[in-house]
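First up is the structure itself, then whatever we jot down about it.
As the structure is a computational prediction, the values presented were derived from the model and not from experiment.
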Amino acid sequence: MWLLCIGLSVVLTIVSLVLVSKKRDKAMWASVSSLVLVIVSLLLEYKMVLDWVNKSDWSAMLDVVPTMFFLLCIYVVVMIFVNVLIIFKSKK
């Protein structure tokens, strides 16, 4: 489920970039929706790790969490940066 949220947030970011280039007013809404999906995907990832903790599946956590933490940090920073730029550009 969290992969779906990540995919939708990337698609909405691309849509908002296209809408900003066409100078449409709805670009800000697509960008805000993308940021909301970033938050939802992080919460779903946290829930997945919480389920592993509750099941005491430490091997899954040791295999997945270090890599996912690095990738999610890059994903969040890039998405926030791009979407904030879109929001500021669409307000002008």
* Asked: salt bridge (Lys or Arg N to Asp or Glu O under 4.0 Å): which pairs involve residues 3-17, sequence neighbours left out?
  -> none
* **Exercise: identify the closest heavy-atom pair between Ser16 and Ile86** => OG-CD1, 3.2 Å
* To do: With sequence neighbours left out, write down each residue that passes side-chain contact (heavy atoms from CB on, under 4.5 Å) with Ile74, or none if nothing qualifies.
  => Phe70, Val78
* To do: Not counting sequence neighbours, list each pair that qualifies as a side-chain hydrogen bond (donor to acceptor under 3.5 Å, both in side chains) and has a residue in residues 30-40.
  => Thr13-Ser34, Ser31-Asn83, Ser34-Asn83
Give the table of side-chain donor-acceptor pairs shorter than 3.5 Å for residues 39-47, with sequence neighbours excluded, one pair per line with atom names and distance.
| from | atom 1 | to | atom 2 | distance (Å) |
| --- | --- | --- | --- | --- |
| Ser41 | OG | Leu37 | O | 3.2 |
| Ser41 | OG | Val38 | O | 2.7 |
| Lys47 | NZ | Asp51 | OD2 | 3.1 |

* To do: Mind checking the CG-CG spacing from Leu35 to Leu12? Nearest 0.5 Å is all I need.
  => 10.0 Å
* Transitive ILVMFWY side-chain link Trp52 to Leu3, under 4.5 Å -> yes
* **Residue list, side-chain contact (heavy atoms from CB on, under 4.5 Å) with Val10, at least two apart or on another chain** => Ile14, Tyr75, Met79
* Cluster overlap Trp58 with Met48, hydrophobic side-chain contacts below 4.5 Å -> yes
* To do: For Lys22, check side-chain contact (heavy atoms from CB on, under 4.5 Å) against everything at least two apart and list the hits.
  => Val18, Arg24
* To do: Kindly work out whether a path of hydrophobic side-chain contacts (I/L/V/M/F/W/Y, heavy atoms less than 4.5 Å apart) joins Val76 to Phe69.
  => no
Let me have the donor-acceptor pairs involving side chains of residues 59-66, under 3.5 Å, with sequence neighbours excluded, atom names and distances please.
| from | atom 1 | to | atom 2 | distance (Å) |
| --- | --- | --- | --- | --- |
| Ser59 | OG | Asp57 | OD1 | 3.3 |

* Should side-chain heavy atoms under 4.5 Å link Ile, Leu, Val, Met, Phe, Trp and Tyr, which residues sit in the same cluster as Leu19? -> Val11, Val15
* Can you tell me if CH2 on Trp29 sees more than 12 non-hydrogen neighbours from other groups inside 6.0 Å? -> no
